[in-house]
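Computed from a predicted structure; not experimentally measured. We count ligands from 1, going down the list as the structure has it; atoms in each ligand are counted the same way. Start at 1 with the first residue, then count along the sequence.
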Amino acid sequence: MNPKERVEELRREIERHNHSYYVENSPTIGDREFDMLMKELEELERAHPELDDELSPTHRVGSDLTSGFEQVAHIYPMLSLGNTYSVDEVDGWVSRVKSSLPGEDVSIVGEMKFDGSGISLIYEHGRLVRAVTRGDGVQGDVVTANVKTIRSIPLQLHGEGWPDLFEIRGEIVMPWASFERLNAEREFNEEPLFANPRNAASGTLKLQNPAEVSRRGLDAYFYYLLGENLPCDTHYGNMMAAKSWGFKVSDAMRKMETIEEVDEYIKYWDTARRELPVATDGLVFKVNNLRQQLNLGFTAKSPRWAVAYKFAPERALTRLRFVSFDVGRMGIITPVANLEPVLLSGTIVKRASLHNEDIMRTLDIHEHDMLYVEKGGEIIPKITGVDVASREEGSKAVGFVSHCPACGTPLVRVEGEAAWVCPNKWGCRPQIVGRVEHFVGRRAMNIDGIGSEKADALVSIGIIESYGDLYNLTEDELMRIPRLADKGARRIIDGIRASLTVPYDRVVYALSIPGVGETTAKKIARATGDIDTLMAWSREELEAIEDVGPHIAEAIVDFFANETNRKNIEKLRAAGVQLSLPEVGSEGRSDVLGGKSFVISGVFSRHSRDEYKELIERNGGKNVSSISKKTDYVLAGENMGPAKLEKATKLGVPIIDEEEFLRMLNVEC
Ligand code: IVH
């Protein structure tokens, strides 16, 4: 392939990944592979300037700008660092630096590359006056109120010797311990989990609620001092001074003179970084002397006096103890590798999903095999391979089960799908418990006080047989759950009573009809209007509903043909659960939005996204999914996608936040 063709191919591929990442929120490639593609393209463009194109992805600068924050220009632009991926590449950089400074002694400072969100702090007369995110590198969001909640950041400097005005740059990070606590909470509340501490840190920094920021336990490390009259003419000296003023500067920072020391530093931290309390994605090497830094200068995007070394994605090798099979609420069987505990990217991994029979067979796992576990940007670790060389002689291949591990029923495989299913819907405990758990979940009936443990206890003790029985529970019955105090029982009863106001579409979602997620449930509720119509509709009638294909239509018909399901519906009806849409014109409806169209983007703090969608519709507005000239408003929460922001700004569509929106409805906020 000639360079022109390769350049074009790379540009197309990179833009495709950009789209998946920024627009669809579902990355299709790891950071490292993406960087490699960018690097290859940059190199080709450098070697063939005639192929340059102002629309090439290499001309894009990443941006984290968010609406709702004041934006200011950085005093010094916030540049990125050139990346390297091997000791040889770092050695090459050191040699180039040395040969650019002939006859001079050159010291190199090695430090951690913290994986969080870059921040610039401005101090005047020893007081923190402003904190700004990286933004697009030229201007960023002012997030001072949030940053002030981070306990490790000095608001008033200690010691002495600080210039009257200076800037210090660092990384806001979410330590592993805070990250795990936050995700555990979010899991309990059925909120989407953060994929990694970096996303959690930048998402938190953009909250409009400093009290919540404070609660989430952020931290910050500092690595770059800028300004006039700095205390020292070396980077290391300045960082030590910053440390004495109260900034957190990593103890891993080290001054080195030779390439051998640099190589040793890399070798050491390649593994030792796993013990650190925060996420790191590499190391940074910087020329220590500020005059030498000045001589080396900058390229358009990064300093020549510094380089990043990126760690290879973390992979661990550990022994398979056994493969177990989980039963989900829809009866789907998921194979899970149970492993000898192993430390991976800061957390101990004991279980990793093997997804389904096909994936398990492709990996060809044998008993007691040594397995490679990886944790990309995702939370759930995955098995990526088997170390066949270390396989025990005569060990047998691990097969898939033929019967349900919970109830012993023979499994069935749905034609055209990879999943095996246990058909014993009403006699298989994990399925019953799973459906109760789903029913009480925040996005369904939102019944407080029942988590997975209590749902399991209710079913195993035999107090309930399905979610329909929840409405006949008494406090005395609940007290039979071990370790449940009066207060806990009261809370559950109150939660059950409160669920009687949950709207019909969420009830449809709560029922656990196979294939019916939140969005489909809404469409079904709107199309049918009430449960009796839904139960009476034929396959053909159901298929006419948007998003309902033949599979789902069949699942709905089967669901309501089942006697236990019908009995459950009657129990819900007797209890007073909402089984129809509210009458039009009834309470809470208005026409104040008069047909205006809204695009919702980002994460909100006062109501959920769905609640906003509902508020829009209940008040005479329309929800649309993409921004066009015809869109009247963008309702933006935290972390609105940069592509949407750019489009709204370009088309002049007003961007409003939740407070403004609630004011439009005349709701107290
Ligand atoms: S120095 C002009 N040092 O990595 C050079 N950056 O890829 C300024 N980062 O935007 C950056 N740890 O957010 C530097 N020890 C470190 C770092 C570090 C993390 C981040 C920073 C920067 C990005 C560059």
Where's the contact between [X] and ligand 1, heavy-atom distance under 4.0 Å: side chain, backbone, both or neither?
| X | value |
| --- | --- |
| E171 | side chain |
| L81 | both |
| K286 | side chain |

Q) Judged by non-hydrogen atoms, does M78 sit under 4.0 Å from ligand 1? A) no

Counting each atom of ligand 1 from 1 as listed, which ones have a heavy atom of [X] under 4.0 Å away?
| X | result |
| --- | --- |
| E111 | 3 (N), 15 (N), 16 (C) |
| P303 | 2 (C), 5 (C) |
| G118 | 13 (O) |

Between [X] and [Y], is the gap from one ring center to the other below 6.0 Å?
| X | Y | value |
| --- | --- | --- |
| Y123 | F247 | yes |
| F166 | W245 | yes |
| W269 | F285 | no |

To the nearest 0.1 Å, how far is [atom] from its closest protein heavy atom, and which atom is that?
| atom | result |
| --- | --- |
| atom 4 (O) of ligand 1 | K113 NZ, 3.2 Å |
| atom 6 (N) of ligand 1 | Y223 CE1, 3.3 Å |
| atom 10 (O) of ligand 1 | L79 O, 3.9 Å |

Q) Can you check whether V7 reaches L10 side chain to side chain, under 4.5 Å on heavy atoms? A) no

Q) What about W305: any of its N or O atoms under 3.5 Å from an N or O on ligand 1? A) no

Q.
Would F114 count as being in polar contact with ligand 1, using the rule that some N or O on each side must be under 3.5 angstrom apart?
A. yes

Q: Decide whether a cation-pi geometry holds between K310 and Y85; the criteria are a distance under 6.0 Å from NZ or CZ to the six-membered ring centre and an angle within 45° of the ring axis.
A: no

Q. Is there a donor-acceptor pair closer than 3.5 Å between any side-chain N or O of Y223 and the backbone N or O of G170?
A. yes

Q.
Could you walk me through whether L294 and W305 satisfy the side chain to side chain contact (heavy atoms under 4.5 Å, CB included) test, starting with their C-alpha distance in whole Å, then the side-chain angles of each, then the deciding distance to 0.1 Å, before giving a yes or no?
A. CA-CA 8 Å; L294 210 62; W305 48 263; over 6 Å; no

Q) Between S120 and R134, do the side chains contain an N or O donor and an N or O acceptor separated by less than 3.5 Å? A) no

